[in-house]
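So the structure is just underneath, and the comments pick up after that.
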Amino acid sequence: MVDSSEDHFAYSTINHGYLRSDLSYEFGEVEDDDAWTTVQTKGNQFVVNDRPFYVNGFNTYWLMMFAVDQSTRGKVGEAFRQASSVGLTVCRTWAFNDGQWRALQKSPSVYDEGVFKALDFVVSEAKKYKIRLILSLANNWDAYGGKAQYVKWGKAAGLNLTSDDDFFTHPTIRSYYKAHVKALLNRANTLTNITYKDDPTIFAWELMNEPRCVSDPSGDNLQAWIEEMAIYVKSIDRKHLVEIGLEGFYGPSTTNRVQFNPNTLAQQVGTDFIRNHQVFGVDFASVHIYADSWISPEISDAHIPFVTSWMQAHIEDADNVLGMPVMFGEFGVSAEYTGYNSSFRDTLISTVYTTLLNSSKKGGSGGGSLLWQVFPEGTDYMDDGYAIVLSKSPSTSNIVSLQSKRLATFNSLCSWKCRWGCKKKRPLERYLYHDDL
């Protein structure tokens, strides 16, 4: 998601539960430190300790930037605490800030140690609240540097570059990106002494936030970049999952599926959902959901059928073609669009959650979703229109909490041996009635 704020920060098992005494313990079992292990995939599902792990999660992209300053660092723990209170277990956040104010990477392979320590704090704090992190490694958009900053660095070094999309094709720029990957994955956290590539707090590495290569509608250039970078990440870190960060648009390889795209432009931005996710080293599929910005900025009941068909199409492809989980890594609705009200937001969130539940009940590939985005109180100035302050949104908080409880039930039931003695996994209809959830 792209944010246009002018502030310096600008842009856009079973571990359900909580260990602190000030919040209720109502989302299932909690992993103790000995059981805090890396998330893996088994077929089309996420697993922890060989037990299903359905994700109810959120985005808060600015955590590293807030952790730099002692005056705002407390908001990191506050965000995790509030998320944990409604059973959210995975957070997606930025592990990049390139060449900007409070940059992590000031120039290629030159880092601000203070900002790196701030990221160390985010990872350490997430572990305290039993929240795992999806760390995004770069941005397609200009915010926090993005691919445009990499190209600027290349031009400053004398490279003949003509487009920001040279990020994907020029060997020197690709080497800059790889160097950042290497530095991050091999870093030893100064607070926990655990190397990032060995830390189970990290759920997955995301190659890029919403990559697009509009200069090549065929998708070949982005495909080659994904192939190279997925393997490179795996060459350093074989433990963690890797995902691309795509929005989910169907492209030239599946003309029979472009009907599900929100508009005709979507198939011309150089991405290709099926083809991109068939790359070796990519462990699960990523999809975003923004009916308001993709279809029309005026809130309409027509947005809800789109959300359902968009999700079902991708879950079907994950089930029948890709054989991997699919994560709906961003979804929300902007309060800045005409016709917005909190009731519509609750309807949209409930639609996403119900679609995922329907997949989960059948043992399908709907692996989870991440709200865009959850904010603690006192951070309104960062709001891009999509922020949800849980303490100020009781109806939304109740919907989120109920989904967490339902998924905790799935995680528990799916890990039990079938009542008939069969050790094979069976759809959840064999364990309980739909009405139970």
Side-chain angles (χ1 to χ4, degrees), residues 13-16 30-55 57 63-64 89-96 116 119-138 177-209 226-246 277-286 318 322-327 329 365 367-368 370 411 415:
T13 170
I14 298 165
N15 73 340
H16 293 297
V30 177
E31 293 172 271
D32 58 29
D33 287 344
D34 291 337
W36 187 247
T37 59
T38 307
V39 178
Q40 300 295 320
T41 59
K42 178 178 284 188
N44 66 346
Q45 294 188 328
F46 297 116
V47 294
V48 174
N49 292 319
D50 207 34
R51 305 175 69 178
F53 183 81
Y54 289 98
V55 173
L63 295 174
M64 178 178 69
T89 59
V90 175
C91 174
R92 177 172 170 263
T93 194
W94 295 171
F96 61 82
F116 235 145
L119 185 58
D120 294 343
F121 175 80
V122 172
V123 176
S124 173
E125 199 75 354
K127 168 67 182 303
K128 291 180 184 178
Y129 292 93
K130 299 300 180 185
I131 288 177
R132 289 181 167 87
L133 300 175
I134 295 176
L135 295 182
S136 190
L137 300 171
Y177 174 86
K178 284 182 172 180
H180 176 58
V181 171
K182 184 177 181 180
L184 185 64
L185 274 59
N186 284 321
R187 177 174 176 83
N189 190 308
T190 55
L191 295 174
T192 66
N193 295 319
I194 302 173
T195 305
Y196 278 47
K197 65 183 179 182
D198 295 322
D199 194 338
T201 305
I202 295 169
F203 182 103
W205 303 110
E206 179 177 276
L207 297 183
M208 187 177 222
N209 174 50
I226 294 169
E227 290 172 351
E228 180 178 354
M229 299 311 168
I231 292 175
Y232 183 73
V233 172
K234 289 291 188 180
S235 73
I236 299 173
D237 179 1
R238 296 177 179 268
K239 295 180 179 179
H240 287 100
L241 303 178
V242 170
E243 53 110 345
I244 303 168
L246 290 174
H277 284 109
Q278 290 175 323
V279 168
F280 178 77
V282 174
D283 297 296
F284 65 94
S286 55
L322 299 174
M324 60 172 55
V326 57
M327 178 83 77
S365 299
L370 309 173
N411 291 344
S415 67

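Just so it is clear, the model here is predicted, and its values are computed rather than measured. For reference, positions follow the sequence shown, starting with 1.
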Rounded distance (nearest 0.5 Å) linking atom [atom1] of [X] with atom [atom2] of [Y]:
| X | Y | atom1 | atom2 | result |
| --- | --- | --- | --- | --- |
| Ser365 | Met327 | OG | CE | 12.5 Å |
| Ile244 | Asn209 | CD1 | CG | 13.0 Å |
| Arg51 | Gln45 | CZ | CD | 13.5 Å |
| Lys128 | Thr192 | NZ | OG1 | 11.0 Å |
| Cys91 | Arg132 | SG | CZ | 13.5 Å |
| Arg92 | Glu206 | CZ | CD | 4.0 Å |

Before you tell me yes or no, could you show the steps for Val47 and Val39 under side-chain contact (heavy atoms from CB on, under 4.5 Å), namely the whole-Å CA-CA distance, both residues' side-chain angles and the distance that decides it to 0.1 Å? CA-CA 6 Å; Val47 294; Val39 178; over 6 Å; no
May I have the step-by-step check of side-chain contact (heavy atoms from CB on, under 4.5 Å) for Thr89 and Lys130, ending in yes or no? CA-CA 7 Å; Thr89 59; Lys130 299 300 180 185; over 6 Å; no
For the side chain to side chain contact (heavy atoms under 4.5 Å, CB included) test, which of Val122, Thr93, Leu185 pairs with Leu135?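 The single option meeting the side chain to side chain contact (heavy atoms under 4.5 Å, CB included) with Leu135 is Thr93.
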Which residue is it: Asn189, Leu184, Leu63? I am looking for the one with a side chain to side chain contact (heavy atoms under 4.5 Å, CB included) to Leu119.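 So, applying the side chain to side chain contact (heavy atoms under 4.5 Å, CB included) to Leu119 and each of Asn189, Leu184, Leu63, only Leu184 qualifies.
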Taking all non-hydrogen atoms of both residues into account, name the closest pair between [X] and [Y] and its distance.
| X | Y | answer |
| --- | --- | --- |
| Ala188 | Asp120 | O-OD2, 4.5 Å |
| Gly245 | Ser286 | N-OG, 3.1 Å |
| Gly281 | Ala230 | C-CB, 4.2 Å |

Pair Tyr177 + Tyr232: ring centers closer than 6.0 Å: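 Centroid distance Tyr177-Tyr232: not below 6.0 Å, so no.
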Plane angle bin for Tyr196 and Phe116 - parallel if under 30°, tilted between 30 and 60°, otherwise perpendicular: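 Rings of Phe116 and Tyr196: perpendicular, as their planes differ by over 60°.
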Quick one: which residue pairs count as a salt bridge (Lys or Arg N to Asp or Glu O under 4.0 Å) with a foot in residues 193-205, not counting sequence neighbours?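 Every salt bridge (Lys or Arg N to Asp or Glu O under 4.0 Å) pair that includes a residue of residues 193-205, provided the two are not neighbours, is Asp198-Lys239.
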Flag if over 12 foreign heavy atoms under 6.0 Å of NZ, Lys182: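 Atom NZ in Lys182 is not crowded, with 12 or fewer foreign heavy atoms closer than 6.0 Å.
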Determine whether a donor-acceptor pair (N or O, by modelled atom type, separation under 3.5 Å) exists between the side chain of Ser136 and the backbone of Trp94.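 Checked: no pair found.
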Please list, chain by chain and in numerical order, all residues satisfying side-chain hydrogen bond (donor to acceptor under 3.5 Å, both in side chains) with His277, sequence neighbours excluded.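 Checked His277 against side-chain hydrogen bond (donor to acceptor under 3.5 Å, both in side chains); zero matches.
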Please tell me if the side chains of Asp237 and Ile202 come closer than 4.5 Å, counting only heavy atoms from C-beta onward.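 The answer is no; the side chains never approach within 4.5 Å.
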Any chance you could lay out the side-chain contact (heavy atoms from CB on, under 4.5 Å) test for Lys234 and Asp283, step after step, and finish with the verdict? CA-CA 11 Å; Lys234 289 291 188 180; Asp283 297 296; 2.7 Å; yes
Leu191 and Glu125: CA distance, side-chain angles, deciding distance, side-chain contact (heavy atoms from CB on, under 4.5 Å) verdict: CA-CA 10 Å; Leu191 295 174; Glu125 199 75 354; over 6 Å; no
Pick one: which of Phe46, Trp205, Phe53 meets ring pair (Phe, Tyr, Trp, His ring centres under 6.0 Å) with Phe284?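 Exactly one option meets the ring pair (Phe, Tyr, Trp, His ring centres under 6.0 Å) with Phe284, and it is Phe46.
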